[in-house]
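Scroll down for the structure; my scribbles are underneath it.
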Amino acid sequence: MIYNEFLLKRYEEMLGSRFKEFLEASRKPLPKYIRVNTLRIRPKELRRRLEEKGFELKKVMDYCFLVKKAPISIGATTEYLLGYYFLQDYSSLFPTINLDPKPGEIVWDMCAAPGGKTTHLAQLMKNQGVIVATDVRKVKSLWYNVMRMGVTNVIIYQRDAREVKYKFDKILLDAPCTGTGILRRDPTRVRVKLRDIRKASSLQKELMKTAYENLKEGGTLVYSTCSLEPEENEEVVEYALSLGFELKRAIGGEEGLLKGTVRIWPFESSGFFIAKLVRPCE
Amino acid sequence: MALRELRFLHSQIGETMRIRGKEFKVTKEMKEVIRELGEPYAAGIYMEFPSLHALITSQVNFPRVFVDDHAEQLFLYGRDVFLRSIIRKEADEGIVIICNKRGEPLGFGKFGKRLIKNIADLGMYLREED
């Protein structure tokens with residue numbers, strides 16, 4: 001079992017009768033998904049090309065496919081190297097979709113590496129406007145992914161997000177977290193304890209405050225984590241509300257413990273939490 | 001999105017900027033943000049030869065050499081191109097863009113006597129990841 005006893009107890013409490021289903025799902029490998037880079041190719045065309053190579057794909061969204069069968073590694077095809085798609089869990093598309101960035105806007109991706117959401121933002125913005133992507137580590141991976149996907153509207157800073165001073169139209173805060181929603185993909189995180197959750201929550205609140213200070217009035221912030229822990233999710237959103245944010249209804253899964261937020265349990269994809277917040281005009 | 005539209009979008013990126021000693025192409029809007037936030041790690045389109053970013057965003061202009069499927073795979077593993085793998089060519093010497101039979105750019109090469117030497121290929125994104 002990939003979850004320790006401490007975590008299992010929590011999930012049993014939150015899931016109730018669905019806990020058994022959760023346990024069954026956790027024993028299976030996590031399905032793989034690809035996001036088509038519509039800046040470079042049409043989904044239909046990519047599907048045709050990969051199916052010719054023996055891949056079996058199932059459409060789950062206009063530009064997202066579930067990989068049902070892969071004769072070779074899905075991350076080693078010519079199409080991958082040409083930047084025609086990104087390996088990205090279905091659930092992790094929803095933070096960007098909720099932010100709904102428009103061409104011409106100035107958007108901040110606060111914790112951007114390795115660039116899945118940054119390149120998704122660029123795709124929705126049709127490579128227009130500006131994305132500021134910051135991270136303290138893995139910026140080389142971020143930059144390589146930006147280049148491979150043919151993205152041209154990104155500025156990358158290897159910088160702690162808390163040091164940034166600017167007024168953005170929209171902000172994506174996909175915060176560093178304990179990652180308990182992706183244990184099926186990254187089992188190195190199995191030893192998560194309450195003190196780890198508390199530590200992550202404290203950093204997330206600091207980042208939330210930074211986001212508030214750097215967001216234009218009327219601007220939108222999407223907060224997300226791949227953690228299942230309420231201290232890293234609903235508790236951080238409650239803190240955001242105390243700063244002055246207003247909560248808007250997010251889409252992408254079942255309602256979280258706080259009305260309007262979204263919780264995606266790791267049944268068919270990674271676990272995720274999403275909240276959409278707006279800084280009101282004074 | 002049609003290739004024509006993509007080219008139009010990329011043509012909007014016209015301002016050259018040096019970042020950490022390297023050449024990049026950025027928009028006016030990006031330049032304004034950089035003025036406030038300071039020198040970044042990277043921005044816009046990386047232009048230093050042999051930039052694959054510049055290649056796939058149609059910022060470079062070299063003659064093309066089209067190769068067969070087998071040579072495509074080998075080239076993406078960092079290997080050179082044997083002349084017998086060439087399907088069609090627009091030049092016999094100097095620096096060229098290596099394309100697959102569909103015309104998609106895979107990287108840069110330089111003509112030698114018996115082969116085209118691999119200068120840079122898209123496979124580096126896998127080989128050099130963090």
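Each chain gets a letter, A, B and so on, in the order its sequence line appears, and its residues count up from 1. A quick note: this is a predicted structure, and the numbers were derived from the prediction, not measured.
- Residues of residues 80-95 of chain B placed with any heavy atom under 4.5 Å of a heavy atom in chain A are absent; none qualify.
- For the pair B:Y46/A:W143, a side-chain contact is recorded, criterion being any heavy-atom separation below 4.5 Å from C-beta on.
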Working for side chain to side chain contact (heavy atoms under 4.5 Å, CB included), residues B:Y125 and A:N145: CA-CA 8 Å; B:Y125 289 132; A:N145 279 320; over 6 Å; no
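- More than 12 non-hydrogen atoms from other residues, nucleotides or ligands lie less than 6.0 angstrom from CZ of B:R20.
- Annotation for B:R79: atom CZ does not count as buried by contact number, only 12 or fewer foreign heavy atoms lying within 6.0 Å.
- For residues 30-42 of chain B, a heavy-atom distance under 4.5 Å to chain A picks out B:M30, B:V33, B:I34, B:E36, B:L37, B:G38, B:E39, B:P40, B:Y41, B:A42, given by residue number.
- Other residues, nucleotides and ligands place no more than 12 heavy atoms under 6.0 Å from the OH atom of B:Y77.
- With 3.5 Å as the limit, one finds no donor-acceptor pair spanning the side chains of A:Q128 and B:T27.
- Surrounding NZ of A:K209 are at most 12 heavy atoms belonging to other residues, nucleotides or ligands under 6.0 Å away.
- Note: B:K25 NZ to A:T152 OG1 = 11.0 Å, rounded to the nearest 0.5 Å.
- Here the CG atom belonging to B:D69 is positioned 8.5 Å from the OG1 atom belonging to A:T78, to the nearest 0.5 angstrom.
- In terms of heavy-atom proximity, B:I56 sits nearest to A:R148 at CD1-O, 3.4 Å.
- In plain terms, the two heavy atoms of A:L81 and B:L122 that are nearest each other are CD2-O, 3.6 Å.
- Only the side chain of A:I106 comes within less than 4.5 Å of a heavy atom of chain B; its backbone N, CA, C and O stay farther away.
- Between chain B and the residues A:T134, A:V151, A:V146, the most heavy-atom pairs under 4.5 angstrom are made by A:V151.
- A search for side chain to side chain donor-acceptor pair (under 3.5 Å) contacts involving B:S51 returns nothing, not counting sequence neighbours.
- Counting heavy atoms from C-beta on, the side chains of A:R49 and B:R102 come closer than 4.5 Å.
- Within a 6.0 Å sphere centred on NZ of B:K101, other residues, nucleotides and ligands contribute 12 heavy atoms or fewer.
- Heavy-atom proximity under 4.5 angstrom to chain A picks out nothing from residues 110-120 of chain B.
- At a 4.5 Å heavy-atom cutoff, the contact between A:V130 and chain B is made by side-chain atoms alone.
- From B:I45, atom CD1 reaches atom CG of A:N127 across 8.0 Å, with rounding to the nearest 0.5 Å.
- Nearest heavy atom pair, residue B:E128 against residue A:K140, reads O-NZ, 3.3 Å.
- Taking 4.5 Å as the limit, some side-chain heavy atom of A:Y84 sits within range of a side-chain heavy atom of B:E104.
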